[in-house]
Each structure stands twice: as structure tokens, then as C-alpha cells.
Amino acid sequence: MKLTPASTEHIRKLMSWFPNEHSLSLWSGPGFRYPFNEQSFKEDLKVSTLSSFALIDSENNFLAFGQFYLRANRCHLGRLVVNPDERGKGIAEILLQALSHLGCKTLAVNEVSLFVLTNNATAEKAYIKHGFQFTPYPGDMPLENCRYMIKKQR
């Protein structure tokens with residue numbers, strides 16, 4: 001499996017992973033429009049300004065999506081999601097490892113951070129399993145009903 005910059009085709013497929021407003025808001029947090037179209041989805045995803053990647057397998061199947069950017073001197077991961085047809089196969093861990101490694105290298109930092117919504121127990125469990133720990137956000141928390149997690153990169 002490898003990371004590749006997210007293409008328009010990946011974004012179109014990604015849109016299909018969110019069949020309703022609840023699934024979209026659980027993943028995206030606030031500020032994502034619903035219903036969406038390709039243009040609004042790309043705008044809200046900020047693909048033109050954020051490093052956005054698709055995780056693909058050797059047959060070029062789109063397995064997962066994620067973004068990273070610099071936030072509070074850490075590689076901040078965002079909008080992480082595994083293809084619904086591929087969940088439960090350990091792909092989240094591979095995505096987290098690959099994005100963390102690439103993000104820290106690209107941004108020249110050694111810590112990774114992310115937000116997790118308090119009602120997203122599945123994601124929280126995956127992040128804890130991958131070594132993320134809850135920590136106070138350095139400043140005013142920018143999102144409601146959310147927790148901040150960090151992990152030192154080795």
C-alpha cells in the first residue's frame with residue numbers, strides 16, 4: 001500500500017462514502033455543506049490548500065483518505081477515513097503510519113496531532129491503538145465536542 005496525492009477521481013469516490021449528513025458530519029466536523037456537489041465538497045475539503053492523500057493498494061484500489069498540515073508546531077492529521085468496504089482490515093493503522101511519517105518528514109517536526117469528535121468512538125479507539133494520547137489543546141479549543149490527541153514520532 002502507498003500514499004498518492006488525492007486525484008479528482010479519488011475525491012469523487014470519497015464523496016460516495018458519505019451517504020447522509022450524519023456520516024459526513026461525524027467525519028468532517030463542522031463547516032462541511034450538505035447536501036454537497038463536487039465543487040462544494042472540494043472547497044470544504046480544502047484540497048487546493050491542504051496536503052491530501054489517497055492510500056491505494058497494489059491494484060490501485062482506493063482504500064483510505066487523509067490530510068496533514070502544520071498546526072501548533074505538529075503535523076496535524078485531518079479528515080481521515082477508510083473506505084467503508086475495507087474497514088476492519090487494519091487499514092486505519094497503515095494510513096496513520098504513512099501520513100504521520102510523510103507529514104513529519106515534509107513539515108520537519110517530530111509530533112503528530114489530531115482532533116477526534118467525542119461521539120466518534122470507533123476513530124478514538126483506532127487512534128489510541130496507534131499510540132495517540134489525549135492532551136489539552138494549546139490554546140482555545142477550535143472545535144466543540146472534540147478532543148485533542150498527540151503522538152511523538154519515532
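All values below come from the heavy atoms of this structure, side chains included, with hydrogens, waters and symmetry mates left out. Quick note: residue numbers are just sequence positions, from 1.
Annotation: salt bridge (Lys or Arg N to Asp or Glu O under 4.0 Å) contacts of Lys46 (sequence neighbours excluded): none. Residues satisfying the side chain to side chain donor-acceptor pair (under 3.5 Å) test with Glu93, not counting sequence neighbours, are Gln97. Every residue meeting the side chain to side chain donor-acceptor pair (under 3.5 Å) condition with Asn37, not counting sequence neighbours, appears here in chain and number order: Ser40. Residues passing the side chain to side chain donor-acceptor pair (under 3.5 Å) test with Ser7, sequence neighbours excluded: His10.
For the atom pair CG (Leu77) and CG (Leu95), the distance works out to 8.0 Å, reported to the nearest 0.5 Å. Lys151 contributes atom NZ, which lies 13.0 Å from atom CD1 of Ile128 (distance to the nearest 0.5 angstrom). Taking NZ from Lys89 and CG from Asn83, the interatomic distance works out to 8.5 Å, rounded to the nearest 0.5 Å.
Legend: ring-ring contact (aromatic ring centres under 6.0 Å, His included) pairs involving residues 84-108, not counting sequence neighbours: none detected. Screening residues 16-30 for salt bridge (Lys or Arg N to Asp or Glu O under 4.0 Å), with sequence neighbours left out, gives no hits. Applying the side-chain hydrogen bond (donor to acceptor under 3.5 Å, both in side chains) test to every pair with at least one member in residues 59-69, sequence neighbours left out, gives these pairs: Ser52-Gln67, Asp57-Asn61, Tyr69-Arg71. For the salt bridge (Lys or Arg N to Asp or Glu O under 4.0 Å) condition, the pairs that include at least one residue of residues 96-113, sequence neighbours left out, are Arg74-Glu111, Glu111-Lys152. Note on residues 30-39: pairs passing salt bridge (Lys or Arg N to Asp or Glu O under 4.0 Å), not counting sequence neighbours, are Arg12-Glu38, Arg33-Glu43, Arg33-Asp44, Glu38-Lys42.
A pairwise comparison of heavy atoms in Ala64 and Ile91 identifies CB-CG2, 4.0 Å as the closest pair. Contact between Val112 and Cys104 at its shortest, heavy atoms only, is CG2-SG, 3.5 Å. Nearest heavy atoms, Ser100 versus Leu96: OG-O, 2.6 Å. Val109 approaches Asn73 most closely through the heavy-atom pair CG1-O, 3.7 Å. Considering all non-hydrogen atoms of both residues, Leu114 and His76 come closest at CA-CE1, 3.3 Å.
Apart from Tyr34 itself, the hydrophobic cluster it occupies contains Ile11, Leu14, Met15, Trp17, Phe18, Leu24, Trp27, Phe32, Phe36, Phe41, Leu45, Val47, Phe62, Phe65, Val81, where clustering links Ile, Leu, Val, Met, Phe, Trp and Tyr at side-chain heavy-atom distances under 4.5 Å. Other members of the cluster containing Phe115 are Tyr137, Met141, Leu143, Tyr148, Ile150, with ILVMFWY side chains joined at under 4.5 Å, either directly or via other members.
In this structure, Ser28 and Arg79 have side chains that are in contact, with non-hydrogen atoms separated by less than 4.5 Å. Met1 has its side chain within reach of Leu63: a pair of non-hydrogen atoms, C-beta onward, lies under 4.5 Å apart.
The closest donor-acceptor contact from the side chain of Arg87 to the backbone of Val82 lies under 3.5 Å.
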Please tabulate, for the side chains in residues 120-127, all donor-acceptor contacts under 3.5 angstrom to protein atoms that are two or more places apart in sequence or on a different chain.
unit_1: Asn120; atom_1: OD1; unit_2: Ala123; atom_2: N; d: 3.2

